[in-house]
**Student:** 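The structure that follows is given in the form of structure tokens.
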Amino acid sequence: MNGRLIAMEGLDGSGKATQTALLCKALAERGIELRRISFPDYDEPSSALAKMYLNGEFGSNPNDVNAYAASSFYAVDRFASYRRFWKQDYQNGALIIADRYTTSNIVFQLSKLPKERWDDFIDWLQDFEYNKLELPRPDLTIYLSMPLKVSQRLLTGRYHGNEEKKDIHESNESYLAACHESAVYAAQHLNWKIIRCAEGEKPRAVEAIHKEILQKVMEGSQ
Ligand SMILES: Cc1cn([C@H]2C[C@H](O)[C@@H](COP(=O)(O)O)O2)c(=O)[nH]c1=O
């Protein structure tokens, strides 16, 4: 019997890594066995093209690589990870928690297209990743909704003000603003669970966000 796959999604600087870690810890404390995965799979050779793209080797603007080409870089990385590391566990019924997944292509690549092509792209991407590459579909997608101003502030803090450390997505504020719009569209149309991570421009407490995420995950497992 296949397991359950939960995707954690959010813009860069949304607190996703922190919340994924807290979620995994809370589930483990409840005796729930799980496997945590993360994309891009930076430590593996399968992420080479995604890394080249993010380092600006195909152009310094995200739009220098179209949505379909960039999506394929990330999708093959997922294919390699699934086949090599977690297919067996998933098919044996494990709970898999993914820090970014196919859903990131929907947020970050969809934004490159005009709105009238968004539904077509989503159909193409889902067919490519789930049908053609045979990757499992998430059972639940949690979207951490953080206002752009706040996530940018958190990102700058992460890099201690060193702008050069940002990848071509992180350093492009207007691109991230477009990604925010595509994320809102996708979350509404694909039934993602949206977690509001700030009140106005003030981030909510990490623990309060965590509790809400845990509740959504536990609801889905009953
Ligand atoms: C996993 C993944 C990430 N991305 C983007 C999101 C981030 O801006 C960037 C790298 O992810 P990271 O900042 O979480 O390491 O790549 C995609 O566009 N598609 C994907 O499938």
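As the structure lists them, so they are numbered: ligands from 1, and atoms in each ligand from 1. Any value given below was found using the heavy atoms of this structure, including those in side chains, with hydrogens, waters and symmetry copies removed.
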**Student:** Would you please name every residue forming a side chain to side chain donor-acceptor pair (under 3.5 Å) with Arg204, sequence neighbours left out?
**Tutor:**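 Scan of Arg204 (side chain to side chain donor-acceptor pair (under 3.5 Å), adjacent residues dropped) gives Glu212.
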**Student:** With distance as the sole criterion, is a donor-acceptor pair present between the side chains of Thr102 and Tyr130 under 3.5 Å?
**Tutor:**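 Yes, Tyr130 and Thr102 have a side-chain donor paired with an acceptor closer than 3.5 Å.
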**Student:** Whether the side chain of Lys112 engages the backbone of Pro62 through a donor-acceptor N/O pair (distance < 3.5 Å, no angle test) should be reported.
**Tutor:**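 Looks like yes, one N/O pair under 3.5 Å.
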**Student:** How about Gln91 and Asn2: does a side-chain donor come under 3.5 Å of a side-chain acceptor?
**Tutor:**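 Side-chain D/A pair, Gln91 to Asn2: absent.
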**Student:** So that I can tick it off, tell me whether Arg100 and Asp77 are bridged by a salt bridge, with the cut-off set at under 4.0 angstrom between side-chain N and carboxylate O.
**Tutor:**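 Looking at Arg100 together with Asp77, the answer is no, because their closest N to O distance does not fall below 4.0 Å.
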**Student:** When you look for protein heavy atoms under 4.0 Å from ligand 1, which residues do they belong to?
**Tutor:**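 Heavy-atom contacts below 4.0 Å: Asp12, Phe39, Pro40, Tyr42, Leu54, Tyr74, Arg78, Arg100, Tyr101, Ser104, Asn105, Phe108, Gln109, His169, Glu170.
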**Student:** Under a 3.5 Å cutoff, is there a donor and acceptor pairing between the side chains of Asp119 and Tyr185?
**Tutor:**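 Tyr185 and Asp119 do have a side-chain donor-acceptor pair below 3.5 Å.
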